[in-house]
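Step one of this worksheet: look at the structure below.
Residue numbers begin at 1 in each chain, while the letters A, B, ... track the order of the sequences.
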Amino acid sequence: MIDLKYLQKNFDEASLTLQKKGVEAETLQTLQGLFADLKQANQALEALKAEQNSLSKLFGQHKRDGKDTTVLKSELDGLKESIVPLQERAREAEEALYSVALTIPNFPDDSVPKGADEAENVEIRKVLEPRTFDFVPLEHWALAEKNGWIDFERGVKLAKSRFSVLRGEAARLERVLINFFLDANAKKGFIEQSVPFMSNAAMLQGTGQLPKFEDDLFKIEEENLYLIPTAEVPLTNLYHDEILKAEELPRLMTAYTPCFRKEAGSAGRDTRGMIRQHQFNKVEMVAIAHPDSSDEIFDMMVENASDILTALGLPHRVVELCGGDLGFSAARTIDLEVWLPGQNKYREISSISNTRDFQARRAKIRFKDGKKNRLVHTLNGSALAVGRTIVAIMENYQNADGSIEIPEVLKKYM
RNA sequence: GGACAGUUGGGUGAGUUGGCUGAAACCACACCCCUGCUAAGGGUGCGUGCUCGAAAGGGUACCGAGGGUUCGAAUCCCUCACUGUCCGCCA
């Protein structure tokens, strides 16, 4: 959630900044109005409550002293009655405020490039030269068929479309990649965690998936739980509603989890192959950081993910997202896009974001800064998406006969 | 799934004949003093959110969550969640 007090004091600036993310000034006007309403409603209510409290105290005293209380009682009865509508008004004002506030995206950093969509993202650098093929490289789904690696049909039979089954070497490669990623992250100081793959609504609100993006989540109705769309949710919320000591920062965490997404709104996109599945595996990094060091940690996370791709010998590029392509919670995001020779294009394989205090405010994650409690910064990033790494290995390491080499660094794991 | 018990501040834990308890005491922690050596003594401070205030300080809310009774609830009632124990079931 954005800082409403900041919005109130710096409306024009804030409104300009959020334009980058496509938020209308009008919406912010409304929000500001609701914030003022709530304040006013609370002030009126609290004044009466104060009176009620002190008179009730007096009432008790009179009772004990055996004094007459009939006058006080009728006064209090009147007060009580006049409090009811104020209470209702305050409740409504709060509801109205949050129903809007929770749907406003984070402020992008000043450094974020302007732009409407992914076409205007900015390439920062390329790493590794794509190899040249003396044959026409195949797409991964064709290679999967040749090698019997992926059973798309039976995945659909077991669940529904956008589910698949990995077989033999491919299944093993998946397991090996997870280990490789976790080990690499551990070397950078990320502590491995094994977390629930389901999450309750409060946690999902903490990281920003709810209430706005409920349609993207698989929900278990009877239990009031959701399948996690990313390990960012459990990892970040590990410290939900906690106050950490300054010296406990940063907390660096990593976890392997499957991720579940309905992919609502991407109908027809990437339907062939395993680029976009309802369930995919991912190893995630999350950092809970002191505000002063979140930029430094962000760079470290980008470097870590990029280094992993380099170690796998996978050509990729580092891309800074423009305002229009930035996610809801992110102040800044760098994507790593891996080269897919079969598709002849770069495709996202990792996304690293600094959400600043946006998630921390929702999830109430603070730290003691001397006497005061301050919001932490939270960061998250994939290192890496497992399924897409398999796709990248297949396409980049394919031979003319359709067989696939295993990258050197993975051989000791296989 | 069934039965019973419980859920208070960083921890242990009082308070459950409703008011003087936002919360005793102890521990932990921070600062200060004494002392002078590996141990101890004394003092002060020490929950969170919102809000008013330049600050000092004040108001309000929170004793698992939500609702109810009442002039007034940590204390009474209802619903739910969670924890513990026993039974059942089970990888």
Side-chain angles (χ1 to χ4, degrees), chain A residues 1-9 31-102 194-206 210 219-226 234 237-249 251 258 288 357-376:
Chain A
M1 202 164 80
I2 60 168
D3 184 349
L4 294 173
K5 275 186 252 178
Y6 172 81
L7 178 72
Q8 196 176 41
K9 285 188 190 128
L31 183 64
Q32 201 183 20
L34 291 171
F35 186 45
D37 284 350
L38 176 62
K39 251 189 190 180
Q40 204 181 30
N42 272 336
Q43 266 164 30
L45 174 66
E46 281 173 18
L48 283 197
K49 286 266 201 178
E51 199 180 339
Q52 185 186 43
N53 284 343
S54 71
L55 286 186
S56 282
K57 209 166 237 179
L58 194 65
F59 186 98
Q61 231 162 53
H62 281 197
K63 269 278 192 218
R64 252 172 288 131
D65 300 346
K67 288 190 193 158
D68 179 56
T69 55
T70 47
V71 179
L72 253 187
K73 172 87 164 79
S74 67
E75 210 171 323
L76 274 161
D77 284 339
L79 243 185
K80 191 184 184 183
E81 225 167 288
S82 52
I83 280 175
V84 172
L86 286 184
Q87 198 134 37
E88 185 60 14
R89 190 183 141 212
R91 221 209 68 236
E92 278 167 8
E94 189 171 339
E95 213 165 271
L97 174 67
Y98 283 103
S99 73
V100 175
L102 287 171
S194 178
V195 296
F197 300 159
M198 297 182 199
S199 177
N200 61 41
M203 301 303 116
L204 284 153
Q205 185 175 101
L210 289 179
K219 184 175 188 185
I220 300 157
E221 289 289 347
E222 324 76 71
E223 292 289 344
N224 235 325
L225 289 170
Y226 298 80
N237 282 298
L238 233 29
Y239 296 101
H240 190 105
D241 201 14
E242 291 194 23
I243 301 171
L244 299 164
K245 295 188 184 117
E247 57 268 27
E248 289 178 305
L249 300 175
R251 310 238 65 151
I288 307 286
D357 61 10
F358 184 82
Q359 290 180 327
R361 184 171 294 106
R362 290 174 160 246
K364 305 190 195 81
I365 309 173
R366 296 92 92 208
F367 72 101
K368 275 264 179 256
D369 188 21
K371 274 272 182 193
K372 282 226 184 302
N373 297 323
R374 277 178 71 192
L375 295 169
V376 299

Report task. Could you pull out the closest heavy-atom pair between A/Leu34 and A/Ala96, with the gap in Å? Result -> CD1-O, 3.5 Å
Requested in this report: Give A/Ile243 one of three labels, base, sugar-phosphate or nothing, depending on what nucleic acid heavy atoms sit under 4.0 Å from its own.
Outcome: sugar-phosphate
Query raised in the report: Is there a Watson-Crick or G-U wobble partner for B/G6 with both distances under 3.5 Å, and which nucleotide is it?
Result: B/C82
Query - Distance between C1' atoms of B/A30 and B/A5 (Å, rounded) - result: 39 Å
Query raised in the report: Are A/Tyr226 and A/Leu210 side-chain neighbours, meaning at least one heavy-atom pair lies under 4.5 Å?
Result: yes
**Report entry** A/Arg361 side chain to A/Met1 backbone, donor-acceptor under 3.5 Å
**Finding:** yes
Report summary line: In A/Leu76, A/Leu79, A/Leu72, the residue satisfying side chain to side chain contact (heavy atoms under 4.5 Å, CB included) with A/Ser56 is A/Leu76
Requested in this report: Using the P atom as the reference point in each nucleotide, state the distance between B/A74 and B/U21 in Å, no decimals.
Outcome: 13 Å
Query - Rounded C1' spacing from B/C29 to B/G9 in Å - result: 14 Å
Requested in this report: Would you indicate what A/Gln52 reaches in the nucleic acid, counting non-hydrogen atoms under 4.0 angstrom: base, sugar-phosphate, or nothing?
Outcome: sugar-phosphate
Query raised in the report: Expressed as a whole number of Å, how far does the C1' atom of B/A73 sit from that of B/U8?
Result: 14 Å
Side-chain donor-acceptor contacts of residues 41-52 of chain A below 3.5 Å, not counting sequence neighbours, with atom names and distances?
none

Report task. Using the P atoms only, state how far B/G42 lies from B/C34, rounded to an integer number of Å. Result -> 16 Å
Report task. For B/G36 and B/C31, measure between their P atoms and round to the nearest Å. Result -> 23 Å
Report summary line: Re B/G41: Watson-Crick or G-U wobble partner, both distances kept under 3.5 Å, found to be B/C33
**Report entry** Flag if over 12 foreign heavy atoms under 6.0 Å of NZ, A/Lys368
**Finding:** yes
Query - B/G1 - base-pair partner by Watson-Crick or wobble geometry, distances under 3.5 Å - result: B/C87
Report task. Return the 5'-most residue of the pair A/Lys49, A/Gly60 with respect to RNA chain B, ranking by each residue's nearest nucleotide. Result -> A/Gly60
Requested in this report: Provide the Watson-Crick or G-U wobble partner of B/C50, both distances under 3.5 Å; none if there is no partner.
Outcome: B/G59
Query - Same-atom distance (P) from B/A3 to B/G88, integer angstrom - result: 16 Å
Report task. Counting Watson-Crick and G-U wobble pairs only, both distances under 3.5 Å, name the nucleotide matched with B/U12, or none. Result -> B/A25
Report summary line: Its 5'-most and 3'-most nucleotides having an atom under 4.0 Å from a non-hydrogen atom of chain A, RNA chain B is contacted over B/G19 to B/G72
Query raised in the report: If the P atom of B/A25 is compared with that of B/C77, how far apart are they to the nearest Å?
Result: 29 Å
Query - Results of side-chain contact (heavy atoms from CB on, under 4.5 Å) for A/Pro196 - residues two or more places apart only - result: none
Requested in this report: Could you pick out which residue, A/Lys5 or A/Asn373, lies toward the 5' side of RNA chain B when each is mapped onto its nearest nucleotide?
Outcome: A/Asn373
Requested in this report: Under the salt bridge (charged side-chain N to carboxylate O under 4.0 Å, His left out) rule, collect the residues that match up with A/Glu92, sequence neighbours excluded.
Outcome: none
Report task. Mind listing the residues from residues 36-48 of chain A sitting with a heavy atom below 4.0 Å of RNA chain B? Number order is fine. Result -> A/Lys39, A/Gln43, A/Glu46
Query - Pair A/Arg362 + A/Asp357, salt bridge at N-O below 4.0 Å - result: no
Report summary line: With sequence neighbours left out, the residues meeting salt bridge (charged side-chain N to carboxylate O under 4.0 Å, His left out) with A/Asp77 are A/Lys73
Query raised in the report: Under a 3.5 Å cut-off for both distances, is B/G19 Watson-Crick or wobble paired, and to whom?
Result: B/C71
